[in-house]
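Below you'll find the structure, written out as structure tokens, and then a few comments.
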2 protein chains.
Amino acid sequence: MTEWEDIESTEKLTEKQKLIIQAAIESFAEKGFAGTSTSTIAKKAGVAEGTIFRHYKTKKELLISIVIPVVKHFLTPFIVRDLNKVLDQTYHSFEDFVRAMFHNRKVFIEKNKKTIKIILQEIPFHEELRDIFKRYVATEPISKVLEIIRHFQEKGELIEGSPYTILRLAASSIAGYFIARHIVAPEVAWNEEEEIEATIAFIMRGIGS
Amino acid sequence: MTEWEDIESTEKLTEKQKLIIQAAIESFAEKGFAGTSTSTIAKKAGVAEGTIFRHYKTKKELLISIVIPVVKHFLTPFIVRDLNKVLDQTYHSFEDFVRAMFHNRKVFIEKNKKTIKIILQEIPFHEELRDIFKRYVATEPISKVLEIIRHFQEKGELIEGSPYTILRLAASSIAGYFIARHIVAPEVAWNEEEEIEATIAFIMRGIGS
DNA sequence: CATAAAAATGAGTGATTACTCACTCTAATA
DNA sequence: TATTAGAGTGAGTAATCACTCATTTTTATG
């Protein structure tokens, strides 16, 4: 129901604050940040408009507070753990690693679908969002994935060539699955498991050696 | 300079109208449709605000008039022509077809970069845009590409399986190139030809048989 | 040059915007 | 029960919004 609460359940939020966040997530996802007024959010949440500004100094601060926990949990905690699983050979092949990531992040993406939609929609317009994204996704997690790619290149399991290029090709295919599944053709009946396996097979044929 | 004029150069537009369209493209691309005011566009174009509404009944009509010609020319005229080239064997292989499309559409995408950015940003918020996209991209061109895929499947050049899945995988890889090149990492120095060839090789290893 | 049509103008419209603030309510503690 | 601090309120504010319209300027044609 609430896309949000399970992520930062430790934080103590007022009942009304949760209503505000839920209403904001739905409104921002549907109409965009600039297309949503604070009075709309207040009405949808069933609170007074002033209540929003008691908890968040500005409308933008509300957006940031929604986005931050999802960006934080999108890759960081798993990539580091998975790098260790690669190094201690819990994952015997790159394919094992890709398959684990795919299924693991699938659950997260589907649980935080609306917030991720907001992030994709708003990132071109807010420098702060770009900074948050760089901080929690574009630096450490990416360098860890590059390490993993190099590891399997050295084992001769992946083709040679720039790890950045290999990352781009694999990431495009995986992102393409989720974008097709949830944005381009959400109403189509999908055989999810079949499509996921086809995507993994495509990636491995493309960059395996 | 103007992303626009070469597409519909036949249409007779006022000097001021061209300025308005150019200013609107830049503003919408940078701040989004909802984040751009008509007074901002007027100032940037160096015209009175009333002039905008003399030519376009509403702000949204201005958006549509910018977007339509680019969507119209994105795939339709080339896919039909290329299907014939496939059938009369001007393209001897699927790889030839993919390479031709890639380079051909690359020029178009780079020429209409800002407008394409606007389309991607605004399509979730405007039903009219989705209708235009369905009309000019999602129906005829896609069914033609599926025909081409089936053609090369029958020749044994592509793997078997759902043509939709094959299309999704190839399109993800190609779109991933342009998104990485122009949105995710536009400031990075790219060896374009090398990356394009790596992408085509990836696709062909992934779906070739 | 005279005339008419089209293009352009900019002050003005009511509605809506994000945000403020003086005030009330609620619940926990002494 | 009295006190107090934070939560919640909603009317109010100045700024900005998309859009209008009476008027002026430009352009094309005789």
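Quick note on labels: first sequence line is chain A, next is B, and so on, each numbered from 1. Scope of the values below: all heavy atoms of this structure, side chains included, with no hydrogens, waters or symmetry mates.
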(message) What's A:Thr51 touching, base or sugar-phosphate or nothing? Going by heavy atoms closer than 4.0 Å.
(response) base

Distances under 3.5 Å only, N/O to N/O: pair up the protein atoms with those of nucleotides 25-29 of chain D.
none

(request) Check B:Ile166 against B:Ile159 and note the closest heavy-atom contact, atom names and distance. (result) CD1-O, 3.6 Å

(message) Whole angstroms only, please: what is the CZ-P distance between B:Phe33 and D:dC17?
(response) 13 Å

(message) How many whole angstroms separate atom CD1 of A:Ile52 from atom P of D:dA7?
(response) 16 Å

(message) Short of 4.0 Å, heavy atom to strand atom, which residues of residues 35-50 of chain B count as contacting DNA chain C?
(response) B:Val47, B:Ala48, B:Gly50

(request) Tell me which residues in residues 53-61 of chain A put a heavy atom below 4.0 Å from DNA chain C, sorted by number, or none. (result) A:Phe53, A:Arg54, A:Thr58, A:Lys59

(message) For the CD atom of A:Glu122 and the CD1 atom of A:Ile64, what is their distance to the nearest 0.5 Å?
(response) 10.5 Å

(message) Quick one, B:Phe108 and B:Asn112 - any side-chain contact, counting heavy atoms below 4.5 Å?
(response) yes

So for atom [atom1], which belongs to [X], do other residues, nucleotides or ligands contribute more than 12 heavy atoms lying within a distance under 6.0 Å?
| X | atom1 | answer |
| --- | --- | --- |
| A:Tyr164 | OH | no |
| A:Lys117 | NZ | yes |
| B:Lys43 | NZ | no |

(request) Hey, could you give me each pair passing salt bridge (charged side-chain N to carboxylate O under 4.0 Å, His left out) that has a residue in residues 192-201 of chain B? Not counting sequence neighbours. (result) A:Arg168-B:Glu195, B:Arg99-B:Glu197, B:Lys106-B:Glu192, B:Arg181-B:Glu192

(request) Examine the side chains of A:Thr38 and A:Glu49 and answer whether a donor and an acceptor come within less than 3.5 Å of each other. (result) yes

(message) Quick check for you: name the first and last nucleotides of DNA chain C, 5' to 3', having an atom under 4.0 Å from a heavy atom of chain A.
(response) C:dT17 to C:dA22

(request) Could you label the plane-to-plane angle of the B:Phe102 and B:Phe178 rings as parallel, tilted or perpendicular, counting under 30° as parallel and over 60° as perpendicular? (result) tilted

(request) Identify whether NZ of Lys or CZ of Arg in A:Lys59 sits under 6.0 Å from the centre of the six-membered ring of A:Phe33 and within 45° of that ring's axis. (result) yes

(request) May I ask you to check whether A:Trp190 and A:Tyr177 place their ring centers less than 6.0 Å from one another? (result) yes

(request) For this output row, return yes or no: ring centroids of B:Phe97 and B:Phe152 closer than 6.0 angstrom. (result) no

Identify every side-chain donor-acceptor pair in residues 131-150 of chain B under 3.5 Å, counting partners at least two apart or on other chains, and give the distances.
from     : atom 1 : to       : atom 2 : distance (Å)
B:Thr139 : OG1    : B:Lys134 : O      : 3.2
B:Thr139 : OG1    : B:Arg135 : O      : 3.2
B:Ser143 : OG     : B:Glu140 : O      : 3.0

